[in-house]
Amino acid sequence: MTQTVHETPGTTGPAAGRKGRRRRHLIPHLLAGVLAAAIFLGVADLIAQLFGPASSPLVSLGSTIITLSPSWLQDFAISVFGSNNKLVLYLSMGVVGAILAALIGVVARRSLRLGVVLVSVVAAILLVVVLLRPESSPLDAVPTIIGAGLGIFSLLLLSGAATGLTRTAEADRTDSQLTDSTPADTRRAAATRPSTEEERAHSRRRFLGLAAAGTAIAAGSITFGRSVNAFGVGAGEAAARLVLPTPAVPAAAIPAGASVGVDGVPPFITPNNDFYRIDTALVVPELAPDEWTLRIHGLVEEEVTIDMAELLDLPLEEHHITLACVSNPVGGDLLGNATWLGYPIRELLARARPLGEADMVLSRSVDGWTASTPLEVLTDEDRASLLAVGMNGEPLPAQHGYPARLVVPGLYGYVSATKWVTELEVTRFDAQTAYWTDRGWDAEGPVLVASRIDVPRPLARVSGGEELVVAGTAWAQHEGIAEVEVRLDDGDWESVELADEVNIDTWRQWRHTFADVDAGRHAVTVRAINAAGVTQTDERRDPIPNAATGQHRIEFSVE
């Protein structure tokens, strides 16, 4: 009686062996596709150093993704990842790109011609993306073309080596299965072939050598390419540095009482390297001072253009001003306070003499980003709206707008704080829109009264004792903070000790001491009241369309 053996999932029969071999044979082809793509993009990114930022397909693709992303997705990325949102975008692009490249490698195993066609299609798409960027020129196509050519060449070499490796492996497997019952012709053909072991060793060395060379080229190109500038604090600092003049109007001295002196509360002035950065530029624009000009035009009686030499000859003013991002979550850290040096924007607009019908200024960055600012804010004589060239006693860092940017107290940055600014168009809100207003955000964006608990940190373990110190910051730019209140758990609101106010355009530190707090888990909530008597609301609201609202509450434990 004959017994039939059926293979089941998980067994180690012939079918399972064939599947395992197929998977192993795919690995070199997957790697070939990924390395070819990495060489393509890495070399293109490196060559882009000789051209403008838009010439890098990686930069242009990332910038296009940012431009096309819905506002809710961008706000989610900022609220979750903060200043690391660009790094997360690059990593996401890398993961998706690696998957697509691996699939192309598998396709090339079956049809090398089809694999080359797919790489060419990807290159054509990236070329269109590069050339459609507002700051690009026809010459910016060069890096993508050269990178694509090297990528295709790499795919041909690596795929050929991978195919040779898998063929020798198959021949070796076939020879191991020869028996006395194998047809004589097959055994004679195997006997006349060179040693499959030698072939396999040669194929392995060839593939591994090409893979190692490809890895080195790709890694070196990406390391020294233009895209890494997106994460460098000193990106673009090789440009000629400004020599800042002494301000005609220096900033007011900061009293010692402006700080509450509690460890964990940020310093009154935020160091340049710690100042938050939220913008749409994947790579910091490179703009030398001698190349920079500001053009004021639109609904004006006279168009005005000013260059850096003329700007630095003007009587510059210095002011302490806090800037805040509209995407800052309740209790978040997307704000900072700095001492800015610049020239009043109202004086520059006065030269152009805006027409009576105008009510908005559309500012443009060198990379095409726009912001809509109420004209009455920029011409307000009681507001220190600046065309800034300095930050905390130094020329603007590249990532914060070098060589010139706008600083406007009392408005969120998305409608006022244009970095790398090159143009002011005097216009109307009903005639023009800006980058974020096109995505559903309010057109004017006044800063709301807000506060934050900095000490203790959320979920901290605090040593018990007679006193519990709670401290933080509050802000209501261009209104000023009049009072801050806190409460422990769900108790009564208590007024806190406020640090000295430097001016109404900066944040204000505060502290409070609770006595005899029992051991266990507790919560503290804070709210601020501005000089106009407006109390920070407890209503929770998402940032869109004009900033998140709610009162900051943290939980901690007393031991």
Side-chain angles (χ1 to χ4, degrees), residues 241-259 267-272 275 289 292-294 296 304-324 335-354 361 363 373-397 400-411 413 416-422 424 447 475-481 499-509 531:
R241 294 300 302 266
L242 292 174
V243 177
L244 298 179
T246 301
V249 180
I254 300 174
S259 174
F268 179 77
I269 294 294
T270 307
N272 290 355
F275 207 95
W292 177 88
T293 59
L294 178 70
I296 304 174
V304 172
T305 300
I306 184 172
D307 61 22
M308 186 57 65
E310 183 180 357
L311 176 59
L312 295 180
D313 282 340
L314 295 173
L316 303 186
E317 300 181 3
E318 206 174 39
H319 296 274
H320 308 301
I321 299 171
T322 296
L323 297 184
L335 76 158
N337 187 51
T339 303
W340 306 93
L341 175 69
Y343 189 66
I345 300 172
R346 64 177 179 275
E347 300 293 346
L348 295 174
L349 291 172
R351 293 188 185 186
R353 301 189 300 280
V361 173
S363 54
T373 311
L375 177 61
E376 64 177 355
V377 170
L378 295 179
T379 56
D380 184 356
E381 293 186 358
D382 296 325
R383 194 184 304 243
S385 300
L386 299 175
L387 174 62
V389 295
M391 180 180 182
N392 292 335
E394 301 176 357
L396 289 171
H400 291 301
Y402 179 84
R405 65 169 296 166
L406 300 187
V407 174
V408 182
L411 299 182
S416 65
T418 305
K419 296 187 279 192
W420 316 291
V421 63
T422 58
L424 300 180
V447 172
W475 58 95
Q477 291 94 305
H478 210 60
E479 288 287 349
I481 293 294
D500 291 345
E501 182 180 71
V502 176
N503 64 55
I504 62 173
D505 291 329
T506 65
W507 58 15
R508 197 167 181 184
Q509 296 186 2

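Throughout, numbering of the chain's residues begins at 1 and tracks the sequence. Bear in mind the structure is a predicted one, so any value in this text is a computation, not a measurement.
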- Item | Side chain E317, main chain P344, donor-acceptor under 3.5 Å | no
- Query: Between R405 (side chain) and H400 (backbone), is there a donor-acceptor pair under 3.5 Å?
  - Reply: yes
- Message: So does N337 get a backbone contact from the side chain of T270, meaning a donor-acceptor N/O pair under 3.5 Å?
- Response: yes
- Task: For residues S416 and V408, report the shortest heavy-atom separation together with the two atoms involved.
- Result: CB-CB, 3.6 Å
- Message: Donor-acceptor check, side chain of N272 to backbone of N392, threshold 3.5 angstrom: yes or no?
- Response: no
- Item | Contact check, side chains of L387 and V421, non-hydrogen atoms, under 4.5 Å | yes
- Taken in chain and number order and not counting sequence neighbours, the residues that satisfy side chain to side chain contact (heavy atoms under 4.5 Å, CB included) with E318 are P247, P250, A251, T339, L341
- Query: If you measure from CD on E376 to CZ on R383, what distance do you get to the nearest 0.5 Å?
  - Reply: 8.5 Å
- Is the backbone N or O of P403 less than 3.5 Å from a side-chain atom of W292, with the two atoms forming a donor-acceptor pair by type? no
- Test W507 against I481 for side chain to side chain contact (heavy atoms under 4.5 Å, CB included), laying out the working first. CA-CA 8 Å; W507 58 15; I481 293 294; over 6 Å; no
- Query: Just how far is it from atom CH2 of W475 to atom CZ of R508, taken to the nearest 0.5 Å?
  - Reply: 15.0 Å
- Query: Which atom pair, heavy atoms only, marks the closest approach of P315 to A248?
  - Reply: CB-CB, 3.7 Å
- Item | Rounded distance (nearest 0.5 Å) linking atom CD1 of I269 with atom CD1 of I254 | 4.0 Å
- Sole residue of D313, T293, L294, V389 in side-chain contact (heavy atoms from CB on, under 4.5 Å) with M308: V389
- Message: Nearest 0.5 angstrom please: L406 CG to L386 CG, how far?
- Response: 9.5 Å
- Heavy-atom closest pair, residues P397 and M391: CD-SD, 3.8 Å
- Message: Using the salt bridge (Lys or Arg N to Asp or Glu O under 4.0 Å) criterion, which residues pair with R351? Sequence neighbours excluded.
- Response: E310
- Item | Flag, side chain of D505 to backbone of Q477, donor-acceptor distance under 3.5 Å | no
- Query: What is the distance from atom CG of L375 to atom CZ of R346, rounded to the nearest 0.5 Å?
  - Reply: 13.0 Å
- Task: State which residue, out of I345, I306, T305, L424, fulfils the side-chain contact (heavy atoms from CB on, under 4.5 Å) condition with I296.
- Result: L424
- side chain to side chain contact (heavy atoms under 4.5 Å, CB included) assessment of I321 paired with L323: CA-CA 7 Å; I321 299 171; L323 297 184; 4.2 Å; yes
- Non-hydrogen atoms of L312 and P245 that approach each other most closely: O-CG, 3.6 Å
- Task: Check whether any side-chain heavy atom of S385 lies under 4.5 Å from a side-chain heavy atom of P409, and answer yes or no.
- Result: yes
- Stepwise side chain to side chain contact (heavy atoms under 4.5 Å, CB included) check, H478 with D380: CA-CA 11 Å; H478 210 60; D380 184 356; 3.9 Å; yes
- Message: Could you report the tightest heavy-atom contact between W340 and A388, atom names first, then the distance?
- Response: CE3-CB, 4.4 Å
- Message: Quick one: does any side-chain atom of H320 pair with a main-chain N or O of A252 as donor and acceptor, under 3.5 Å?
- Response: yes
